[in-house]
Amino acid sequence: MSDNLKAPSDSNTASRDPRAWVAPLLSTLLTLPAAGFAWFYGALSPMACDSCDGAEADRFDASYGAAWGVLCTGLVIALVIMLVSWCVPWERRHAAKRALLAVAAPVVVGAALVAFLGMVDWP
């Protein structure tokens, strides 16, 4: 059989990546504290309207309910993305996918927090 027709068994693209754990670990170290801060900030936000009454309190409550749902959904999505970055096969050919997922997780946390802050009708 010709050498051109043989499938490469020891190609660099199918070999195990010894640094595959770096991107998911950095993502975890960024995502978990950021998600904790965002959740804590969102949970304490109703205190901003403790002295509100009437129409102002109604506007805040209505906007906070929707914004809280967006924040929690964004945090769950970020945590799922972070977990998927750990689950991508640890081969060199998947390094770009793993890095993209690892970067996306903390970005989603930031986007969810910005969306929360923008949706709430602050007093």
Side-chain angles (χ1 to χ4, degrees):
M1 182 184 254
S2 171
D3 287 337
N4 294 344
L5 299 177
K6 291 182 182 176
S9 59
D10 288 334
S11 71
N12 284 340
T13 60
S15 65
R16 185 168 169 85
D17 188 1
R19 296 180 308 257
W21 55 273
V22 174
L25 178 65
L26 291 176
S27 177
T28 301
L29 293 175
L30 289 173
T31 303
L32 291 181
F37 170 77
W39 183 84
F40 190 70
Y41 185 83
L44 292 180
S45 291
M47 288 188 211
C49 198
D50 277 347
S51 63
C52 299
D53 59 347
E56 188 177 33
D58 291 338
R59 282 193 319 271
F60 177 81
D61 288 340
S63 66
Y64 177 79
W68 178 250
V70 168
L71 178 65
C72 288
T73 302
L75 295 180
V76 168
I77 290 170
L79 293 176
V80 168
I81 291 171
M82 182 191 70
L83 289 174
V84 170
S85 75
W86 280 104
C87 295
V88 172
W90 288 23
E91 296 173 352
R92 290 178 197 245
R93 65 184 173 142
H94 296 293
K97 294 176 202 172
R98 193 173 29 258
L100 181 66
L101 289 167
V103 168
V107 169
V108 169
V109 171
L113 183 60
V114 168
F116 172 80
L117 295 173
M119 289 178 68
V120 174
D121 187 11
W122 299 98

* About how many Å separate CZ of Arg59 and SG of Cys52, when rounded to the nearest 0.5 Å? -> 8.5 Å
* Consider only side-chain heavy atoms of I, L, V, M, F, W and Y, link residues closer than 4.5 Å, and tell whether Leu100 and Val84 are in one cluster. => no
* Has the side chain of Tyr64 got a donor or acceptor atom that lies under 3.5 Å from a matching backbone atom of Gly42? -> yes
* Minimal non-hydrogen separation, Val88 against Leu101, with atom names -> CG2-CD1, 3.6 Å
* Report yes or no: do Val80 and Val109 belong to one cluster of Ile/Leu/Val/Met/Phe/Trp/Tyr joined by side chain heavy-atom distances under 4.5 Å? => no
* **Atom pair CG/CZ of Leu32 and Phe37 - distance to nearest 0.5 Å** => 15.5 Å
* **Taking every non-hydrogen atom, the tightest pair across Pro24 and Ser85** => CG-O, 3.5 Å
* Asked: Just one of Val114, Leu71, Val70 clears the side chain to side chain contact (heavy atoms under 4.5 Å, CB included) bar with Met119, so which one?
  -> Val70
* Asked: Does any N or O in the side chain of Trp90 come within less than 3.5 Å of the main-chain N or O of Cys87, such that one atom is a donor and the other an acceptor?
  -> no
* Structure fact -> Rounding to 0.5 Å, atoms CE (Met82) and CD1 (Ile77) come to a distance of 14.0 Å
* Asked: Would you find more than 12 non-hydrogen atoms of other residues, nucleotides or ligands less than 6.0 Å from Trp39 atom CH2?
  -> no
* Residues Ser15 and Arg92: side-chain donor-acceptor under 3.5 angstrom -> yes
* To do: To the nearest 0.5 Å, tell me how far Glu56 CD sits from Asp61 CG.
  => 10.5 Å
* Asked: Shortest non-hydrogen contact from Ser45 to Phe60?
  -> O-CZ, 3.5 Å
* Structure fact -> Of all heavy-atom pairs linking Ala105 and Ile81, the shortest is N-CG2, 3.9 Å
* **Distance (rounded to the nearest 0.5 Å) between Leu83 CG and Thr31 OG1** => 10.0 Å
* To do: Search all heavy atoms of Glu91 against all heavy atoms of Arg98 and return the closest pair with its distance.
  => O-NH2, 3.4 Å
* For the residue pair Trp122 and Ser63, confirm or rule out a side-chain donor-acceptor distance under 3.5 Å. => no
* To do: For the pair Arg93 and Asp17, find out whether any cationic side-chain nitrogen is under 4.0 Å from an anionic carboxylate oxygen.
  => no
* Given Trp86 and Ser27, is the side-chain hydrogen bond (donor to acceptor under 3.5 Å, both in side chains) satisfied, shown in steps? -> CA-CA 10 Å; Trp86 280 104; Ser27 177; over 6 Å; no
* Asked: Are Val22 and Leu25 connected in a single hydrophobic cluster, I mean Ile/Leu/Val/Met/Phe/Trp/Tyr linked by side-chain heavy atoms less than 4.5 Å apart?
  -> yes
* Asked: What are the two closest heavy atoms between Gly74 and Val108, and how far apart are they?
  -> O-CG1, 3.5 Å
